[in-house]
There are 2 protein chains.
Amino acid sequence: METEECYDPFQPNCPSRLILSRIGDRWTVLVILALRHEVLRFSELRTKIGSPAPKVLSQTLQALVRDGLVSRQAYAEVPPRVEYRLTDLGRTLLEPIDAVRRWAAVHTGDVLDARERADELVASGAGGADR
Amino acid sequence: METEECYDPFQPNCPSRLILSRIGDRWTVLVILALRHEVLRFSELRTKIGSPAPKVLSQTLQALVRDGLVSRQAYAEVPPRVEYRLTDLGRTLLEPIDAVRRWAAVHTGDVLDARERADELVASGAGGADR
DNA sequence: CGGTATCCCTCCCGATACTG
DNA sequence: CAGTATCGGGAGGGATACCG
């Protein structure tokens with residue numbers, strides 16, 4: 001039932017592009033990670049992920065709810081209370097996200113090293129007769 | 001040697017943030033995927049991934065080379081020829097990328113469904129007394 | 001408390017033109 | 001062929017103020 005083999009990420013309309021841009025979003029992954037083990041309220045989320053502006057968090061949340069990855073439950077109380085939790089679908093996203101996290105844990109050092117080396121080269125060589 | 005357990009993605013300086021933003025980049029993943037099985041020249045890459053402007057591809061490639069994920073080899077010929085290939089480090093990135101691809105292959109349908117349902121709700125209910 | 005409305009500003013992206 | 005230079009538009013991110 002998977003149509004995995006006919007996926008072509010080079011097509012602009014490819015679904016993987018959609019997911020990729022989602023993951024690349026500044027706050028999406030943080031929200032999902034924050035909800036990994038707990039149900040959180042709006043301001044709790046804000047505190048946990050360090051989101052500066054409520055607008056941004058609100059946007060992120062709405063997009064996640066729209067895509068069925070997070071569910072929103074509001075209580076008719078005073079003061080109002082709203083809880084966000086991962087849906088089953090949202091929980092499945094934890095796997096690929098963690099694959100990325102694991103890669104970062106293992107290889108970021110290499111990337112940083114490579115970057116330093118490249119920057120040194122630029123500073124000395126390509127800087128062009130700067131001494 | 002891995003320091004995986006002390007990784008906190010909620011820290012702004014966390015390495016996983018760096019990798020995430022990399023993956024979210026518009027062209028980075030496409031370039032890596034394009035170089036998966038072959039060595040390609042600049043214009044071949046452009047054709048394959050459908051990058052419209054050379055500037056953008058150039059930027060992407062420079063960043064990838066800087067981070068040690070792609071290597072660049074130029075030949076002193078006329079006309080000039082430049083080949084790009086994945087480094088060993090870059091090849092390791094294929095794993096997490098593929099995890100995301102696989103997720104997309106399996107679950108994008110669900111996301112699209114959820115999105116449609118949510119949009120219908122908005123159109124009928126939240127549109128607000130539109131009839 | 002849980003958002004929305006508004007404004008600003010930066011960064012990314014893209015097209016075009018030009019150079020080695 | 002393989003880029004760089006320049007310019008411009010648009011989306012996204014962020015701070016602040018305000019509303020239910």
Side-chain angles (χ1 to χ4, degrees), chain A residues 10 12 17-31 34-35 39-67 70-85 118 122 126-128, chain B residues 10 12-13 17-18 20-31 34-35 38-67 70-85 118 122 126-129:
Chain A
F10 302 118
R17 298 288 296 267
L18 185 150
I19 306 302
L20 245 10
S21 59
R22 204 68 144 95
I23 300 231
D25 179 87
R26 178 83 197 262
W27 299 108
T28 298
V29 172
L30 280 305
V31 168
L35 295 176
V39 173
L40 291 175
R41 306 172 57 169
F42 189 86
S43 40
E44 290 172 334
L45 267 171
R46 247 193 111 198
T47 305
K48 182 151 189 173
I49 71 177
S51 168
K55 191 194 76 174
V56 178
L57 180 58
S58 179
Q59 280 175 174
T60 305
L61 252 12
Q62 284 176 10
L64 285 169
V65 169
R66 186 168 99 106
D67 286 355
V70 165
S71 74
R72 191 194 112 117
Q73 181 170 15
Y75 298 90
E77 298 176 1
V78 177
R81 182 162 56 104
V82 179
E83 291 179 346
Y84 292 93
R85 76 193 70 217
V122 172
Chain B
F10 302 119
N13 56 338
R17 298 290 295 269
L18 185 150
L20 245 12
S21 58
R22 205 63 144 87
I23 299 229
D25 178 88
R26 179 84 199 263
W27 300 109
T28 298
V29 173
L30 280 305
V31 168
L35 295 176
E38 3 174 40
V39 172
L40 291 175
R41 307 173 55 167
F42 189 87
S43 41
E44 290 173 334
L45 266 171
R46 249 193 109 197
T47 305
K48 182 152 189 174
I49 71 178
S51 168
K55 191 193 76 172
V56 177
L57 180 57
S58 179
Q59 280 175 174
T60 305
L61 285 171
Q62 282 175 11
L64 285 170
V65 168
R66 186 168 98 106
D67 286 355
V70 165
S71 73
R72 191 195 111 117
Q73 181 170 13
Y75 298 89
E77 298 175 4
V78 177
R81 182 161 57 104
V82 179
E83 290 181 346
Y84 292 92
R85 75 193 69 214
V122 171

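Letters A, B, ... mirror the listed sequences (proteins, then strands); counts begin at 1.
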Using the rule given for side-chain contact (heavy atoms from CB on, under 4.5 Å), can you reason through B:Q62 versus B:R66, listing the C-alpha separation, both sets of side-chain angles and the distance that settles it, and then say yes or no? CA-CA 6 Å; B:Q62 282 175 11; B:R66 186 168 98 106; over 6 Å; no
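- Residue A:Y84 is classed as a sugar-phosphate contact, given heavy-atom separations below 4.0 Å to backbone atoms only.
- In summary, contact between chain A and DNA chain D, defined as any nucleotide atom under 4.0 Å from a heavy atom of the protein, begins and ends at D:dG13 to D:dG20 in the 5' to 3' direction.
- Considering only heavy atoms from C-beta on, A:T28 stays 4.5 Å or farther from A:I23 through its side chain.
- In this structure, B:V82 reaches the sugar-phosphate backbone alone: every heavy-atom distance under 4.0 Å involves primed, P, OP1 or OP2 atoms, never a base.
- Counting heavy atoms from C-beta outward, B:L30 and A:F10 have side chains that approach closer than 4.5 Å.
- First and last contacts of DNA chain C with chain B, using any nucleotide atom under 4.0 Å from a protein heavy atom and ordered 5' to 3', fall at C:dC13 to C:dG20.
- Using a 4.0 Å heavy-atom distance criterion, A:R46 is classed as making no nucleic acid contact.
- Nearer to the 5' terminus of DNA chain C, by closest-nucleotide assignment, is the contact made by A:P80 (compared with the other of B:K55 and A:P80).
- For the pair B:A34 and B:I49, the tightest heavy-atom approach, listed with the atom from each and the gap, is CB-CG2, 3.9 Å.
- The side chain to side chain donor-acceptor pair (under 3.5 Å) test applied to A:R85 returns A:Q73, A:E83, not counting sequence neighbours.
- B:R22 meets the salt bridge (Lys or Arg N to Asp or Glu O under 4.0 Å) test with B:D67; sequence neighbours excluded.
- For B:V70 against B:Y84, the heavy-atom pair with the smallest separation is CG1-CD2, 3.9 Å.
- The terminal axes of the helix from C:dC1-D:dG20 to C:dG20-D:dC1, fitted over 5 pairs per end, subtend an angle of 40° to the nearest 10°.
- Among the protein residues, A:P54 comes within range of the nucleic acid bases, having at least one heavy atom under 4.0 Å from a base atom.
- Backbone-only engagement by B:Q62 is indicated by non-hydrogen atom pairs under 4.0 Å involving sugar-phosphate atoms exclusively.
- With a 4.5 Å cut-off on side-chain heavy atoms, B:L57 and B:V31 count as touching.
- Within the structure, side-chain hydrogen bond (donor to acceptor under 3.5 Å, both in side chains) contacts touching residues 39-49 of chain A (residues at least two apart or in different chains) are A:E38-A:K48.
- Residues A:F42 and A:L61 form a side-chain contact, since some pair of their non-hydrogen atoms from C-beta on lies under 4.5 Å apart.
- Rounding to the nearest 0.5 angstrom, the gap separating the CG atom in B:L45 from the OG1 atom in B:T60 is 10.0 Å.
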